[in-house]
2 protein chains.
Amino acid sequence: MQSESMDKREKLLQTALELFVKQGFNDTPTSKIAKEAGIATGTLFYFFPTKDELIISLYLKVKGQATESINVALTEVKSTKEVIKTYYEQSLKWSLRNPNEFSFLAQFSNSPYLKKIGADEISAQIAPVLPHFRLAIEEQQIVDIDVNLLYALISNQVFGVNQFLSANKFTKKEQHNIIQDTFFMFWKMIER
Amino acid sequence: MQSESMDKREKLLQTALELFVKQGFNDTPTSKIAKEAGIATGTLFYFFPTKDELIISLYLKVKGQATESINVALTEVKSTKEVIKTYYEQSLKWSLRNPNEFSFLAQFSNSPYLKKIGADEISAQIAPVLPHFRLAIEEQQIVDIDVNLLYALISNQVFGVNQFLSANKFTKKEQHNIIQDTFFMFWKMIER
DNA sequence: TGAATGACTGACTAAACAGTCACTAAATTA
DNA sequence: TAATTTAGTGACTGTTTAGTCAGTCATTCA
């Protein structure tokens, strides 16, 4: 049955994610992933030819999920400012809902593994937002800077605010306020 | 002679840094570090009892260098705004002058290794800047936000701009302009 | 039915690894 | 000078690791 094999593949990825976040790539042998998942080592290598390919598959899957989740929210949106605000809020909310996934992406992106995936695969993830940025610049809503710089600024502010929110215990209400306030600040930074 | 032993210790740290950045912690065995440095494996373990301690020593050394380099520049500075500007510029310039070190810090900070160093050691690195932030808030120069949030914002903007500058080939002049422009934006974001 | 295919297994292996240890050589100290 | 300490060595080892492989079981297909 296909759904069962999918389940095992998924279970392996899920288990690997948790172990990678807890112990890092080094200290997470494939044997441990398989054991923890209750699946034979051979099965792991049946689905993923090498450990590297497991790690890369996991990255592409998680990154894809994040991108999709954010882009879905973008379609429902009207004004240019709303698009950027929604992108900011949704990125932050996704990262808070999925701390393990977010932590894994950070670990992967700052390791030499990043170089193992194609530059085009990275830019494909970034691509969907850029037209919105370009439009905002054309409309003279925001300052005229390189859209890649703008992307770096928004991503890293999201990362920074996530760091701050994760390091402290806030109520939902407080969290929400901080997200709103920091977006307001971000907008003030880039508006014309 | 002490300076010779220091040399070997330093050589090991230097070599480890380069290999860690190129291949990551996983794929850099201690044997390779020693070999590349032209030093016996035993000597590596004479200076660093375990591989983990080598990695952590390297982190503390590099982080300390960065902090010191930035703090030195801060002492010469007068107005509150100038302090924040200098902190921003110096952080960015250090990261551009020391790409390997910066890359290593990012890799380490986003890996589970970070948890292996004391929380007090981290806050000790951050501590020197916070009073300046507090003063700027008291003077009502900038908005009244948690200084830790402010620290996260400035650090991550530095990281983002570094990313952008490193990913493209700019002249010194262009680089300088982007640093100035992005600080101007940052200030606009936080000013009252 | 029975042949073929695909999912899955876990004992196994060859290589790689972190760390050890018995040792040397040189410098310090007494 | 003799004793002691300190820096440095590299062959070696026990363990861990990624990856293999011969084979099981259940389903599909002819």
Side-chain angles (χ1 to χ4, degrees), chain A residues 1-61 104 107-108 111-113 115-117, chain B residues 1-61 104 107-108 111-113 115-117:
Chain A
M1 204 196 292
Q2 206 197 355
S3 68
E4 282 215 23
S5 70
M6 283 298 281
D7 282 350
K8 299 223 170 182
R9 219 189 101 103
E10 275 308 302
K11 187 88 214 292
L12 284 166
L13 287 171
Q14 181 57 35
T15 307
L17 174 73
E18 276 154 29
L19 292 174
F20 287 154
V21 168
K22 237 181 281 172
Q23 344 238 357
F25 303 131
N26 315 13
D27 296 329
T28 307
T30 51
S31 57
K32 201 172 181 180
I33 298 169
K35 199 175 189 179
E36 191 98 349
I39 291 165
T41 36
T43 311
L44 190 152
F45 287 99
Y46 174 73
F47 288 114
F48 309 99
T50 64
K51 187 185 182 185
D52 273 18
E53 294 206 43
L54 163 64
I55 294 173
I56 289 164
S57 293
L58 182 57
Y59 172 79
L60 292 175
K61 181 198 154 200
F104 170 77
Q107 196 180 329
F108 185 95
S111 80
Y113 276 106
K115 277 176 249 143
K116 294 191 181 175
I117 66 166
Chain B
M1 205 195 294
Q2 207 198 355
S3 68
E4 281 215 21
S5 69
M6 283 298 281
D7 281 350
K8 299 224 168 183
R9 218 189 101 103
E10 276 306 302
K11 189 86 212 293
L12 284 166
L13 288 170
Q14 181 58 34
T15 307
L17 175 73
E18 276 154 29
L19 291 174
F20 287 154
V21 169
K22 238 182 278 172
Q23 345 238 357
F25 303 132
N26 313 12
D27 296 328
T28 308
T30 50
S31 57
K32 201 171 182 180
I33 298 169
K35 199 175 190 180
E36 192 98 350
I39 291 166
T41 36
T43 311
L44 189 152
F45 287 99
Y46 174 73
F47 288 114
F48 310 98
T50 63
K51 188 186 181 183
D52 273 18
E53 294 205 43
L54 163 64
I55 294 173
I56 289 165
S57 292
L58 182 56
Y59 172 79
L60 293 175
K61 181 198 155 200
F104 171 77
Q107 196 180 329
F108 185 96
S111 81
Y113 275 106
K115 278 175 250 143
K116 293 190 182 174
I117 66 166

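If you're wondering where the values come from, they're calculated on a predicted model, not measured in any experiment. Below, all heavy atoms of this structure are taken into account, side chains as well, without hydrogens, waters or symmetry copies. Just so it is clear: chains get the letters A, B, ... in the order the sequence lines come, proteins before strands, and each one is counted from 1.
- Residue B:D52 contributes atom CG, which lies 14 Å from atom C1' of C:dC17 at whole-angstrom precision.
- In this entry the distance linking CD of A:E10 with P of C:dA7 reads 15 Å, nearest Å.
- Contact annotation: the side chain of B:I39 never approaches that of B:L44 to less than 4.5 Å [non-hydrogen atoms, C-beta and beyond].
- With a 4.5 Å cut-off on side-chain heavy atoms, B:P112 and A:Q107 count as touching.
- Taking the side-chain hydrogen bond (donor to acceptor under 3.5 Å, both in side chains) definition, one finds that B:Q14 meets it with B:E18, sequence neighbours left out.
- The CD1-C1' distance, from B:I55 to C:dG19, rounds to 14 Å in whole Å.
- Nucleotide C:dC17 holds its C1' atom 15 Å from the CG atom of B:L54, rounded to whole Å.
- The stretch residues 29-44 of chain A touches DNA chain C through A:I39, A:A40, A:T41, A:G42, A:T43, each having a heavy atom within less than 4.0 Å of the strand.
- Rounded to whole angstrom, the span from the CG atom of A:N26 across to the C1' atom of D:dA18 amounts to 14 Å.
- Protein atom CG of A:D7 is 13 Å distant from nucleotide atom C1' of C:dA7, rounded to whole Å.
- Among the candidates A:L19, A:T15, A:V21, the single residue satisfying the side-chain contact (heavy atoms from CB on, under 4.5 Å) test with A:T28 is A:L19.
- The CG atom of B:D27 sits 18 Å away from the P atom of C:dA15 (whole-angstrom rounding).
- Taking the side chain of A:K51 as heavy atoms from C-beta on, and the options C:dG19, C:dA7, D:dG19, the nearest nucleotide is D:dG19.
- Under the 3.5 Å distance criterion, the side-chain polar atoms of B:K61 are left unmatched by any main-chain donor or acceptor of B:E10.
- Atom CZ in A:F45 sits about 8 Å away from atom P in D:dT20, given to the nearest Å.
- Residue B:Y46 places none of its side-chain N or O atoms closer than 4.0 Å to OP1 or OP2 of D:dG8.
- Partners of B:K116 under the side-chain contact (heavy atoms from CB on, under 4.5 Å) rule, at least two apart in sequence or in another chain, are A:D27, B:D52, B:I56, B:Y113.
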